[in-house]
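Data block below; observations after.
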Amino acid sequence: MKKALKVTAFILGALLILFGLGISYIQFAPAPTYSVGEIPDMQVEAGPERVAEGSRIASMLCNDCHLGDDGKLSGKWMQDVPPAFGQFYSANITQHPEQGIGSWTDGELYYFLRTGLRKDGSLAGIMPQFSRVSDEELMSIIAFLRSEETKVQPSGNIPPASQFAFLGKLLQKFVFGPSPFPAQPVSRPDTLNQVALGRYLADDLYSCYDCHSASFTSNNKQEPTKSKGFYGGGNELLDMDGRPIYSSNLTPDDETGIGRYSEKAFIQALKYGQRPDGSPIRYPMRPHTAMTDEEVKAIFAYLRSIPPIHNPVVITP
Ligand code: HEC
Ligand code: HEC
């Protein structure tokens, strides 16, 4: 009996010590770094068409997080991240040589956008990784970052350093990680195949599934279709005032999904932020005014083709 007690006490003690070590590792160990593969030696040709396309795509993919108070991509506070994770700031990605990315090579930018890794092996954890975006689109974005456009002209803004709370550090150490650098060139889909184009736009380029599946924690970034509740909505996000708001069900379910949408109504919703009943579609969903009607129609055709999920999502008042 006495011996059993001793053993139990020993095990409990050992567990407590391990627990304490785990906590202090999360709290005090420095952010992990990763080994960086070969950074491509590339020079992006920046014709006016590429710059215009890059500017259009960046307005939907980068502005939300990087557009600062000075009207340039000079960095800002990430208000959407729940405070339990910490206070996060994006980076200055204008052409400023020290505060911005003026001294990065095209290859470093390309490698970073694919994997999330800087050349020193540090990971931009909060920033999305564009591992399935086509080469052409990434090069357009890089061409835009190098262009004469006002938004990317040098800004000396220095966003404050991000503060990771305990939960943020936990993510940083156990959840975040780089995406693999693609082994093959990534091409755009055939634009004549509407559903394939829509799948590329929704799953790969604009990552609609990311907010519109069950939860960020059960999303599969390499194979989006394996995400839990794929496009079934109900992911809890934060609105402008930090209150919970739930993403809509975008599957073709008649009652709870987009079954009630016509193509025309879907264009109205996506580009101008209005539901068929006239109610506004609110932040963090944003009007995608820079999207072409062809893109919206392709996304609609694709969403109509995925398996319906019956999931009534609460529309918060
Ligand atoms: C969800 C928010 C978010 C989006 C969307 C986003 N970024 Fe970022 N980005 C960040 C954050 C946060 C950091 C800083 C991360 C860090 O310091 O670890 C960052 C860092 C960077 C850096 C590294 C800068 C440096 O000096 O280290 C580059 C380059 C960059 N972003 C480019 C882009 C581009 C281009 C796009 C659009 C294609 C984009 N980002 C979209 C949040 C975002
Ligand atoms: C940052 C997260 C986020 C991203 C990314 C996002 N959405 Fe949304 N979306 C939401 C939220 C939250 C709502 C619900 C807003 C509300 O209740 O007012 C919503 C609502 C919608 C609606 C309205 C449906 C309805 O009737 O309730 C449509 C359509 C839609 N999104 C389509 C898309 C498409 C297509 C994409 C990709 C191009 C996309 N969303 C990307 C968060 C997001």
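What's counted below: heavy atoms across the whole structure, side chains too, no hydrogens, waters or symmetry copies. Read the numbers this way: they start at 1 and go in the same order the structure lists the ligands and their atoms.
- Heavy-atom proximity to Arg118, at under 4.0 Å, picks out these atoms of ligand 1: 15 (C), 16 (C), 17 (O), 18 (O), 25 (C), 27 (O).
- Residue contact check for ligand 1: Phe88 places no non-hydrogen atom closer than 4.0 Å to it.
- The two residues Lys72 and Pro154 make their nearest non-hydrogen contact at NZ-O, 3.3 Å.
- Near Leu113, with a cut-off below 4.0 Å to any heavy atom, the atoms of ligand 1 are 34 (C), 35 (C).
- Closest non-hydrogen pair, Ile245 versus Thr316, comes out as CG1-OG1, 3.9 Å.
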Check ligand 2 against the protein and report each N/O to N/O distance under 3.5 Å, formatted as atom name, atom name, distance.
residue, atom, partner, partner atom, Å
ligand 2, 7 (N), His212, NE2, 2.8
ligand 2, 9 (N), His212, NE2, 2.9
ligand 2, 17 (O), Arg275, NH2, 3.1
ligand 2, 17 (O), Arg282, NH2, 3.1
ligand 2, 18 (O), Arg282, N, 2.8
ligand 2, 18 (O), Arg282, NE, 2.8
ligand 2, 18 (O), Arg282, NH2, 3.3
ligand 2, 26 (O), Arg260, NH2, 3.0
ligand 2, 26 (O), Tyr261, OH, 2.7
ligand 2, 26 (O), Arg275, NE, 3.1
ligand 2, 27 (O), Ser248, OG, 2.8
ligand 2, 27 (O), Arg275, NE, 2.8
ligand 2, 27 (O), Arg275, NH2, 3.2
ligand 2, 31 (N), His212, NE2, 2.9
ligand 2, 40 (N), His212, NE2, 2.8

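- A salt bridge links Arg286 with Asp64: the distance from a Lys NZ or Arg NE/NH1/NH2 to an Asp or Glu carboxylate oxygen falls below 4.0 Å.
- Close contacts between ligand 1 and Phe112 involve ligand atoms 21 (C), 22 (C), 23 (C), 28 (C), 29 (C), 30 (C), 31 (N) [criterion: under 4.0 Å to a heavy atom].
- The ligand atoms of ligand 1 that sit less than 4.0 angstrom from a heavy atom of Phe130 are 38 (C).
- A donor atom on one side chain and an acceptor atom on the other are found under 3.5 Å apart for Gln268 and Gln274.
- Atom CG of Asp190 is surrounded by more than 12 heavy atoms from other residues, nucleotides or ligands within 6.0 Å.
- With 2.8 Å as the limit, Met127 counts as an N, O or S neighbour of atom 8 (Fe) of ligand 1.
- Counting backbone and side-chain atoms alike, His66 contributes an N/O/S atom closer than 2.8 Å to atom 8 (Fe) of ligand 1.
- Checked for salt-bridge contact, Arg114 and Asp135 meet the test: a charged N lies under 4.0 Å from a carboxylate O.
- The salt bridge (Lys or Arg N to Asp or Glu O under 4.0 Å) check on Lys119 picks up Glu108, with sequence neighbours excluded.
- By the 4.0 Å N-to-carboxylate-O rule, Glu53 lies too far from Arg50 to be salt-bridged with it.
- A salt bridge links Arg243 with Asp241: the closest approach of a Lys/Arg side-chain nitrogen to an acidic carboxylate oxygen falls below 4.0 angstrom.
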